[in-house]
Asks: 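There's a structure below that I have some questions on.
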2 protein chains.
Amino acid sequence: MKLAEAKQQFVASWGAFGTHWGINRTMAQIHALLLVSPKPLCAEDIMEQLNISRGNANMNIRELIDWALVERVIISGERKEFFTAEKDIWKVVRQIVRERKKRELDPMLKLLGNLSEVEGDKRDKEVKTFTDAINNIKRVGEQADRTLETLIKADENWFLGSLMKIFKTG
Amino acid sequence: MKLAEAKQQFVASWGAFGTHWGINRTMAQIHALLLVSPKPLCAEDIMEQLNISRGNANMNIRELIDWALVERVIISGERKEFFTAEKDIWKVVRQIVRERKKRELDPMLKLLGNLSEVEGDKRDKEVKTFTDAINNIKRVGEQADRTLETLIKADENWFLGSLMKIFKTG
DNA sequence: TTAAATTTTCAGAATAATTTGAAAGTTTGT
DNA sequence: ACAAACTTTCAAATTATTCTGAAAATTTAA
């Protein structure tokens, strides 16, 4: 397979992959494009390669910067901004986990905390089923929270090395 | 907080939560509703409680059954179908992980395998950056694959107990 | 076999998400 | 201060997704 074709397929697939995870297609495609670009790209480059408008490019680049997956690069002698993506995928994964945990898991756990305090007789089956369900979810959610917290702090060698062995023999 | 209010808030939040994960709102809400219902519900119950049409209810219930998160229940003396959700959240998590791994991670790893065989001179910076990116993603993806595979097979006690200690001292 | 009960389907309607493009805003060099 | 280069914004257009509701299909009881 030729490089150009492979790149194109990667960008398209990464975009499709993103949509399954609540990330919009273009944002994922821009990220993919930057991941496989040796040099930083400017807005025009991205607009051209993905066939998108200036506004769209701008908004999604902004969003990627907000997620700390992309950063601005100053190139001396150039007036416009260039962008580059973090190439260490392990860092990327940790960054995404960190952000999504903060934006989604943490608020959910907070809510579950409130909901577990529902009033009513525990011998009432309706009440019991509800509090049981909430407490169950809370318990698993809190464990996920701790696990992800550790994952965020872990370095890749530890993850790829020790964890694998532990899982195998655990 | 009263039970009815708490239920409503849970169903709504679970629905919103789902949308961040590529799951449609109604599907997540039906799941939430069944999670906190002591008795199986029929299509009518679900339509009523969520204010949705018969077609919508039917399609999303089907989808939940397809994901093996909900199952049909026969109630003797009743002609219509009833539905119930798996209440053990750990099982639910494993089931979702299993399905998403099969539907998303496995195909992605297959694609990365193909893409890593791109032709061209490795001293060409364009080629090198591409293959490096692909191989990096593949490596992390394969580790995630093994980890999730183990998680799918693990039982909850192991997850809540051993893993936590391992993570803490790892 | 018949018909009532129930489920399924799917074209069209409604809603939501994304994208465009041009105008407004900002920055930079002179 | 000026204007060219560049970035940002956002109303309107487009596209994608979800939902409805009524008709068709299926199942069940007698």
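Chain A is the first sequence line, chain B the second, and so forth, proteins listed ahead of strands; every chain is numbered from 1. Keep in mind that what you see is a predicted model, and the values were worked out from it rather than measured.
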Asks: Could you state the atom-to-atom distance from CG of A:Asp45 to C1' of D:dT7 in whole Å?
Replies: 15 Å

Asks: Figure out the CD1/P separation between B:Ile65 and C:dT7, and round it to whole Å.
Replies: 11 Å

Asks: I'd like to know whether B:Ser13 forms a side chain to side chain donor-acceptor pair (under 3.5 Å) with B:Gln9, so could you lay out the CA-CA distance, the side-chain angles of the two residues, the decisive distance to 0.1 Å, and finally the verdict.
Replies: CA-CA 6 Å; B:Ser13 303; B:Gln9 214 180 318; 5.2 Å; no

Asks: Going 5' to 3' through nucleotides 16-30 of chain C, assign each nucleotide B (protein heavy atom under 4.0 Å from a base atom), S (under 4.0 Å only from sugar-phosphate atoms) or - (no protein heavy atom that close).
Replies: --SBBB-----BB--

Asks: Can you tell me the distance, in whole Å, between the CG atom of B:Asn58 and the C1' atom of D:dA24?
Replies: 13 Å

Asks: Hey, is the main chain of B:Cys42 close enough, under 3.5 Å, to the side chain of B:Asp45 for a donor-acceptor pair?
Replies: yes

Asks: For B:Glu81 and C:dA5, give me the distance from atom CD to atom C1', rounded to whole Å.
Replies: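 From B:Glu81 CD to C:dA5 C1': 12 Å.
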
Asks: Within 45 degrees of the axis of the six-membered ring of B:Trp21 and under 6.0 Å from its centre: does A:Arg100 put its NZ or CZ there?
Replies: yes

Asks: Separation of A:Lys80 atom NZ from D:dA4 atom P, in whole Å?
Replies: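 So the two atoms are 18 Å apart, to the nearest Å.
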
Asks: Mind calculating the distance between CD1 (A:Ile74) and P (D:dT7) to the nearest angstrom?
Replies: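 Those two atoms, CD1 and P, are 10 Å apart.
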
Asks: Could you check how far CD1 of A:Ile75 sits from C1' of D:dC6, rounded to whole Å?
Replies: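 Interatomic distance, CD1 of A:Ile75 to C1' of D:dC6: 15 Å.
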
Asks: Let me know the distance between CG of B:Leu50 and P of D:dT20, rounded to the nearest Å.
Replies: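 About 10 Å, once rounded to whole Å.
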
Asks: Which atoms form the tightest heavy-atom contact between B:Ala133 and A:Val36, and what is the distance?
Replies: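 Of all heavy-atom pairs spanning B:Ala133 and A:Val36, the closest is CB-CG1, 4.0 Å.
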
Asks: To which residues is A:Val73 joined in a hydrophobic cluster, defined by side-chain heavy-atom contacts under 4.5 Å among Ile, Leu, Val, Met, Phe, Trp and Tyr, whether direct or through other members?
Replies: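 Answer for A:Val73: A:Ile75, A:Phe82.
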
Asks: Would you please classify the geometry between the B:Phe130 ring and the A:Phe10 ring as parallel, tilted or perpendicular, with 30° and 60° separating the classes?
Replies: perpendicular

